[in-house]
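Here the structure comes first, spelled out in structure tokens, and everything after it is commentary.
These numbers come from the heavy atoms of this one structure, side chains and all, not from hydrogens, waters or symmetry mates.
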Amino acid sequence: MKNVLYGKCVKCGKTYPATPDLTTCICGGILDIVYDYDAIRREFTKETLAARSERTMWRYRELLPVEETTAPTPLRVGWSPLYEEPRLAEQLGLGRLWVKDDGQNPTASLKDRASAMAVAKAREAGAQVIACSSTGNAASSLAGNAAAAGLETFIFVPSRAPKGKVAQLMTFGATVISVEGSYEETFELSKAAIDRWGWYNRNAAINPYLSEGKKTVALEIMEQLDWQVPDYIAISVGDGCTIAGLWKGLKDLYAIGFIDRLPRLISAQAAGCCPLNRAIETGEPWHPMEENTLADSIAVGVPRNADKALMAIRESNGLTVNVSDEEILEAQKLLGRTCGVFGEPAGVTGTAGVKKLCQQGVLGKEDTVVSVVTGNGLKDVANAIRACGEPITIPSDMGRLLEAFHQKGISLE
């Protein structure tokens with residue numbers, strides 16, 4: 001990897017050769033992948049990027065930690081749409097608003113970006129089996145991307161994982177272990193199994209390459225905005241890997257001169273499980289919390305990527321916002337009815353946070369915002385029905401239809 005210098009511990013600063021099976025520092029700290037930006041600047045320009053026809057995350061290969069000979073992964077990951085939403089911006093009282101719909105990735109979440117990177121690195125390592133723990137999306141993305149590449153997967157999920165996500169896992173042929181316990185307990189069991197059988201580790205808090213896959217969402221946003229930097233980028237936060245990757249991508253672009261400033265991040269967490277935001281707000285170290293939210297993908301009471309996530313929020317002079325489950329479900333309806341974007345609860349938490357900050361007067365008419373929707377609503381249809389209600393159900397009879405319309409307050413005359 002000619003553009004990669006080494007992996008560096010975010011805690012103690014110790015460096016390691018960037019081998020495919022790189023994990024954590026001996027001190028327990030998470031590693032950051034460090035690039036040779038001078039070399040990248042010499043060969044990678046906006047013009048060379050614009051000339052590329054490939055519309056996947058692999059169009060940014062110079063900024064990714066893979067060998068030149070490593071083939072792109074089989075599924076089309078990345079280059080999800082970025083919609084400008086003037087009606088929603090006006091309704092919220094913002095200057096301009098864009099919605100990045102990452103639910104349009106192959107397995108319907110942003111996590112495909114990390115899993116594609118995991119598959120690429122597993123291939124480089126010569127591995128045939130990949131494993132991880134997940135609240136759902138990382139699991140289904142790994143299973144799908146690995147299946148397409150002909151690799152075997154062992155997936156550990158908490159028993160509360162929505163059936164839509166478990167159905168994806170089973171369909172993709174993963175060996176699924178449903179753990180009767182919290183995400184923390186699920187993670188520990190997966191870690192013990194990976195250590196015992198030597199599987200390739202896709203756990204984001206251990207494998208430093210996964211944030212490098214996730215950072216491609218930032219690279220796409222900026223290219224799709226023609227390198228014009230918004231004031232804020234909002235994203236939902238669970239274990240911290242996604243917001244850390246988002247910030248890494250932005251810093252990479254700034255380091256090579258593709259953007260002239262950095263936006264502020266908005267870290268949106270569920271009020272019932274917000275250990276990272278609470279640490280920022282109190283100025284104290286983070287402490288575990290109960291996983292008390294319906295937004296299962298961000299229900300992480302013990303965030304494994306806390307160091308990088310907290311660094312990203314602080315370095316960006318970011319905002320934190322905690323939203324209730326009711327506010328999350330309202331945002332799900334709002335996005336659907338104003339933008340036609342169907343996000344799962346965790347996927348729309350960033351937008352719920354933007355709405356709340358507008359209501360509080362923190363954001364307003366002078367601000368430009370990108371909100372990332374990290375997962376598709378079809379992954380959790382039970383909560384979508386909870387948010388929006390049941391359909392009108394009647395016999396095939398015009399009189400009953402008119403009666404139902406009257407009860408609903410629908411006037412068509």
Side-chain angles (χ1 to χ4, degrees), residues 1-7 17-23 33-36 39-40 42-45 48-80 102 104-132 137-155 168 171-174 198-204 206-220 223 241 245 248-249 252 256:
M1 295 184 290
K2 64 178 183 178
N3 291 336
V4 174
L5 296 176
Y6 42 75
T19 57
D21 56 354
L22 192 63
T23 55
I33 303 301
V34 179
Y35 292 85
D36 183 346
I40 294 170
R42 287 193 294 269
E43 64 181 41
F44 187 50
T45 67
T48 60
L49 180 60
R52 292 177 180 170
S53 59
E54 183 177 32
R55 290 293 186 265
T56 74
M57 61 180 272
W58 301 110
R59 69 188 272 105
Y60 307 106
R61 182 173 284 265
E62 288 86 350
L63 287 170
L64 296 177
V66 292
E67 301 289 351
E68 292 179 85
T69 55
T70 299
T73 48
L75 297 183
R76 181 211 51 80
V77 176
W79 207 250
S80 61
D102 238 42
Q104 293 197 32
N105 276 306
T107 74
S109 83
L110 185 149
K111 301 291 180 68
D112 280 329
R113 300 175 184 274
S115 291
M117 181 61 67
V119 167
K121 298 308 290 184
R123 281 173 161 178
E124 290 179 4
Q128 293 300 313
V129 180
I130 314 180
C132 77
N137 281 335
S140 56
S141 75
L142 174 60
N145 280 274
L151 301 177
E152 187 178 0
T153 51
F154 287 81
I155 311 282
Q168 280 187 299
T171 301
F172 294 141
W199 300 326
Y200 190 81
N201 196 329
R202 187 249 179 258
N203 283 324
I206 291 176
N207 188 327
Y209 295 116
L210 302 192
S211 282
E212 299 300 309
K214 288 188 175 185
K215 81 180 182 185
T216 59
V217 71
L219 310 183
E220 286 178 18
E223 186 179 5
C241 185
K248 178 66 179 297
D252 283 350
I256 63 174

How about [X] and [Y]: do any of their side-chain heavy atoms sit closer than 4.5 Å?
{"X": "Thr153", "Y": "Arg202", "value": "no"}
{"X": "Val66", "Y": "Met117", "value": "yes"}
{"X": "Ser80", "Y": "Arg113", "value": "yes"}
{"X": "Lys248", "Y": "Ile33", "value": "yes"}
{"X": "Ile256", "Y": "Glu62", "value": "no"}
{"X": "Leu210", "Y": "Lys214", "value": "no"}
{"X": "Phe172", "Y": "Asn145", "value": "no"}
{"X": "Thr216", "Y": "Leu64", "value": "yes"}

With under 30° as parallel and over 60° as perpendicular, where do the rings of Tyr60 and Trp79 fit, or are they tilted in between?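 Tilted: the ring planes of Tyr60 and Trp79 meet at 30° to 60°.
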Rounded to the nearest 0.5 Å, what's the gap from [atom1] on [X] to [atom2] on [Y]? Could you check?
{"X": "Thr56", "Y": "Glu220", "atom1": "OG1", "atom2": "CD", "value": "8.5 Å"}
{"X": "Thr23", "Y": "Asn203", "atom1": "OG1", "atom2": "CG", "value": "11.5 Å"}
{"X": "Met57", "Y": "Thr73", "atom1": "CE", "atom2": "OG1", "value": "6.5 Å"}

Donor-acceptor pair, [X] side chain versus [Y] backbone, under 3.5 Å?
{"X": "Arg61", "Y": "Glu67", "answer": "yes"}
{"X": "Asp112", "Y": "Thr107", "answer": "yes"}
{"X": "Asn207", "Y": "Asn201", "answer": "yes"}
{"X": "Thr48", "Y": "Phe44", "answer": "no"}
{"X": "Asn105", "Y": "Gly78", "answer": "yes"}
{"X": "Tyr35", "Y": "Leu63", "answer": "yes"}
{"X": "Ser211", "Y": "Pro208", "answer": "no"}

Of the non-hydrogen atoms in [X] and [Y], which two are nearest, and what is the gap between them?
{"X": "Ala174", "Y": "Ala143", "result": "CB-CB, 4.0 Å"}
{"X": "Ile155", "Y": "Ala139", "result": "CG2-CB, 3.1 Å"}
{"X": "Trp58", "Y": "Ala116", "result": "CZ2-O, 4.0 Å"}
{"X": "Ala127", "Y": "Tyr200", "result": "CB-CB, 3.9 Å"}
{"X": "Ala138", "Y": "Cys132", "result": "O-SG, 4.3 Å"}
{"X": "Leu75", "Y": "Gly144", "result": "CD1-O, 3.8 Å"}

All side chain to side chain contact (heavy atoms under 4.5 Å, CB included) counterparts of Thr19, not counting sequence neighbours: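 Thr19 satisfies side chain to side chain contact (heavy atoms under 4.5 Å, CB included) with Pro17, Asp21, Leu22 once adjacent residues are dropped.
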Are more than 12 heavy atoms from other residues, nucleotides or ligands located less than 6.0 Å from atom CD of Glu68?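 Counting neighbours around CD of Glu68, 12 or fewer heavy atoms of other residues, nucleotides or ligands fall under 6.0 Å, so no.
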Partners of Arg123 by salt bridge (charged side-chain N to carboxylate O under 4.0 Å, His left out), sequence neighbours excluded?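 Checked Arg123 against salt bridge (charged side-chain N to carboxylate O under 4.0 Å, His left out); zero matches.
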Salt bridge between Lys121 and Glu212, side-chain N to carboxylate O under 4.0 Å?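 Looking at Glu212 together with Lys121, the answer is no, because their closest N to O distance does not fall below 4.0 Å.
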